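Quick notes on the structure that follows.
Because the structure is a prediction, the values reported are computed rather than measured. Protein chains get the first letters and strands the later ones, always in sequence-line order, with residue 1 at the start of each.
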Protein chains: 2
Amino acid sequence: MEKESIPDVVIRRLPIYLRVLETLSEDSYGNVISSFKLGEKSGVSPAQVRKDLGIVGAFGKQGLGYDIAILRNKLKHVLNLDKEIKVGIIGVGNLGHAIARYIIQRYATERDYHLKLVALFDSNPEAIGELINGVPIDHIHSFHDKALELGFRMVVIAVPAEAAQAVMDECAIAGIEAVLNFAPIHLKAPKVIRVHNTDLSIDLMHLAYYL
Amino acid sequence: MEKESIPDVVIRRLPIYLRVLETLSEDSYGNVISSFKLGEKSGVSPAQVRKDLGIVGAFGKQGLGYDIAILRNKLKHVLNLDKEIKVGIIGVGNLGHAIARYIIQRYATERDYHLKLVALFDSNPEAIGELINGVPIDHIHSFHDKALELGFRMVVIAVPAEAAQAVMDECAIAGIEAVLNFAPIHLKAPKVIRVHNTDLSIDLMHLAYYL
DNA sequence: TAGATTGTTAATCGATTAACAATC
DNA sequence: TAGATTGTTAATCGATTAACAATC
């Protein structure tokens with residue numbers, strides 16, 4: 001249960017399990033799912049599922065499986081998703097726009113979706129003030145103030161590669177703790193910030209190998 | 001050099017190395033980069049870089065490092081990126097739109113960007129016929145015909161979760177070989193199709209653990 | 001009870017790191 | 001030559017899989 005004791009590979013699979021459980025949740029209380037079925041719907045082996053769940057302290061019943069509602073709550077708790085998580089987006093171009101709308105829409109339509117978009121930033125003066133589903137675009141200069149005012153600690157970076165390191169440096173100063181980086185560049189960050197990267201082109205190039 | 005002999009973890013890092021080399025390429029021929037510098041700019045250890053490059057058959061010179069132009073070409077060749085790769089997108093909502101524009105824009109502005117968007121598909125009759133930077137949106141019903149006609153073997157799925165498995169089944173029938181899936185669901189596919197998944201919500205939930 | 005499925009251990013497999021002789 | 005950096009091996013580390021006793 002200690003932070004350091006759960007390997008990142010395991011943490012990475014928890015949201016996948018959670019996603020499966022969420023699609024099952026209508027008919028849930030008292031209901032049960034086996035590691036076989038959960039694994040099948042997650043693309044993970046049954047043994048792996050049981051190992052992962054054991055590691056995070058989620059246990060089932062022999063002969064039956066895991067109680068869906070209990071498991072769902074447990075996974076949410078481990079992932080910090082039992083409280084609302086505020087997110088800011090820096091860079092509101094094509095991709096930033098799409099990401100913003102995606103998060104806002106899921107928050108609006110799914111009870112129990114705990115990611116809330118609270119701020120948008122861009123450097124283009126033309127864009128400042130524009131509302132995306134009610135959330136205004138602020139100038140990047142006000143990032144530090146807004147971060148403190150609104151209290152978000154998670155940020156999505158969707159600016160061009162050239163601007164990304166400067167943005168990351170700003171994040172570090174503002175005390176941001178987690179960054180999802182869509183800019184196609186490896187960012188330097190203090191160790192206290194957790195950075196994950198995702199890059200469409202890299203994914204496509206990776207796939208190209210298998211053609 | 002045999003397909004089966006290069007582990008996927010290694011393949012996954014090659015586009016990252018390539019991305020770094022690309023930013024260096026202006027002043028390249030005859031120029032050289034060490035595993036230390038390449039590793040630093042990639043977020044990978046120097047030992048790892050040397051191991052990876054050795055595995056794919058890219059070699060440097062002791063005391064100097066790797067010739068940038070030669071290494072770039074080698075990596076492109078290994079990744080199949082020395083030929084043009086045609087890509088289709090299924091699902092042209094927010095995300096599909098953004099992905100389409102991103103690929104088209106990079107293809108238009110970067111010499112040496114070998115991913116070419118050749119087709120877009122959606123099921124919404126309102127969208128059919130619309131052009132995105134010159135590429136028309138076709139009805140999903142014509143997917144099979146268009147895939148054969150245009151000859152693309154790589155597809156991005158950006159439809160809602162409910163529609164994704166049916167789309168994947170269509171891909172299998174049409175002989176698609178590589179799929180990048182943005183739908184938040186684990187898709188079943190024949191083993192001959194390589195499927196990679198990317199899901200914004202899962203990335204954010206993963207990060208939430210570290211808050 | 002009989003059948004099913006867990007939780008956990010041990011075995012296997014694979015990836016990363018360290019180290020250094022070779023050599024440019 | 002002296003300094004730098006590769007290529008590769010061996011050691012370490014960590015993750016996955018198999019198997020099965022425990023037990024619902």
Side-chain angles (χ1 to χ4, degrees), chain A residues 1-17 20-21 24 29-72 74-75 78 186 206 209, chain B residues 1-17 20-21 24 29-72 74-75 78 186 206 209:
Chain A
M1 289 292 283
E2 299 296 323
K3 277 260 140 144
E4 285 314 316
S5 72
I6 308 182
D8 187 65
V9 266
V10 175
I11 296 297
R12 201 154 58 206
R13 283 190 291 264
L14 300 186
I16 300 176
Y17 301 147
V20 171
L21 296 175
L24 263 42
Y29 258 103
N31 281 7
V32 120
I33 189 170
S34 70
S35 60
F36 294 84
K37 192 157 187 194
L38 179 49
E40 179 185 289
K41 288 185 179 285
S42 306
V44 171
S45 74
Q48 184 89 264
V49 170
R50 294 199 298 276
K51 197 109 208 283
D52 287 349
L53 297 186
I55 287 173
V56 304
F59 298 103
K61 284 202 174 49
Q62 285 104 323
L64 292 171
Y66 299 83
D67 181 285
I68 291 172
I70 292 176
L71 182 53
R72 214 174 64 234
K74 180 70 181 179
L75 293 181
V78 171
H186 173 76
H206 180 188
Y209 175 77
Chain B
M1 289 292 285
E2 299 296 324
K3 278 262 141 141
E4 285 313 314
S5 72
I6 308 182
D8 187 65
V9 266
V10 175
I11 297 297
R12 201 154 60 204
R13 283 189 291 263
L14 302 185
I16 300 176
Y17 301 147
V20 171
L21 296 174
L24 264 41
Y29 257 103
N31 280 7
V32 121
I33 188 170
S34 70
S35 60
F36 293 84
K37 193 157 188 195
L38 180 51
E40 180 184 290
K41 288 184 180 286
S42 306
V44 171
S45 75
Q48 184 89 264
V49 170
R50 294 200 297 277
K51 196 109 210 281
D52 288 347
L53 296 186
I55 286 172
V56 302
F59 298 102
K61 284 202 171 53
Q62 285 104 323
L64 292 170
Y66 300 83
D67 182 285
I68 292 172
I70 293 176
L71 182 53
R72 215 174 61 235
K74 180 69 180 180
L75 293 182
V78 172
H186 173 77
H206 180 188
Y209 175 77

Minimum heavy-atom separation for [X] and [Y], please, with both atom names.
| X | Y | value |
| --- | --- | --- |
| Y66(A) | A58(A) | CE2-O, 3.8 Å |
| I6(B) | I11(B) | CG2-CD1, 3.5 Å |
| P46(B) | F36(B) | CG-CD2, 3.6 Å |
| V49(A) | G39(A) | CG2-CA, 3.6 Å |
| K74(B) | G57(B) | CE-O, 3.3 Å |

Quiz prompt | Within residues 8-17 of chain A, residues whose heavy atoms come under 4.0 Å of DNA chain D | solution = V9(A), R13(A)
Quiz item: L75(B): what forms a side chain to side chain contact (heavy atoms under 4.5 Å, CB included) with it, not counting sequence neighbours?
Solution: L14(B), Y17(B), L18(B), L21(B), L53(B), V56(B), L71(B)
Exercise. Check each of L38(A), N31(A), I68(A) against L24(A) using the side-chain contact (heavy atoms from CB on, under 4.5 Å) test, and report the only one that passes.
Key: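 Single pass found, and it is I68(A).
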Practice problem: For DNA chain C, determine which residues of residues 43-53 of chain A have any heavy atom closer than 4.0 angstrom to one of its atoms, and list them numerically. | Solution: R50(A), K51(A)
Quiz item: Distance from Q48(B) atom CD to S42(B) atom OG, nearest 0.5 Å?
Solution: 11.0 Å
Quiz item: What distance do S45(B) atom OG and K51(B) atom NZ have between them, rounded to the nearest 0.5 Å?
Solution: 11.0 Å
Quiz item: Which residue pairs satisfy the salt bridge (Lys or Arg N to Asp or Glu O under 4.0 Å) criterion with at least one member in residues 7-16 of chain B, sequence neighbours excluded?
Solution: D8(B)-R12(B), D8(B)-R194(B), R13(B)-D52(B)
Practice problem: Please collect all salt bridge (Lys or Arg N to Asp or Glu O under 4.0 Å) contacts where either partner lies in residues 31-50 of chain A, sequence neighbours excluded, each pair once. | Solution: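 Salt bridge (Lys or Arg N to Asp or Glu O under 4.0 Å) check on residues 31-50 of chain A returns no pairs.
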Quiz item: Do P7(B) and I55(B) have side-chain heavy atoms sitting under 4.5 Å apart?
Solution: yes
Quiz item: Is G54(B) touching bases, backbone alone, or none of the nucleic acid, heavy atoms closer than 4.0 Å?
Solution: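 No contact.
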Quiz item: Which comes earlier along DNA chain D counting from the 5' end, the contact point of Q62(A) or that of L64(B), where each point is its nearest nucleotide?
Solution: L64(B)
Quiz item: Does anyone know the first and last nucleotide of DNA chain C in reach of chain A, 5' to 3', at under 4.0 angstrom to a heavy atom?
Solution: dA4(C) to dT9(C)
Quiz item: Can you list the stems that DNA chain D is part of, where a stem is at least 3 pairs in a row, each Watson-Crick or G-U, with both distances below 3.5 Å?
Solution: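 C:3-24 with D:3-24 - these are the stems of 3 or more pairs that involve DNA chain D.
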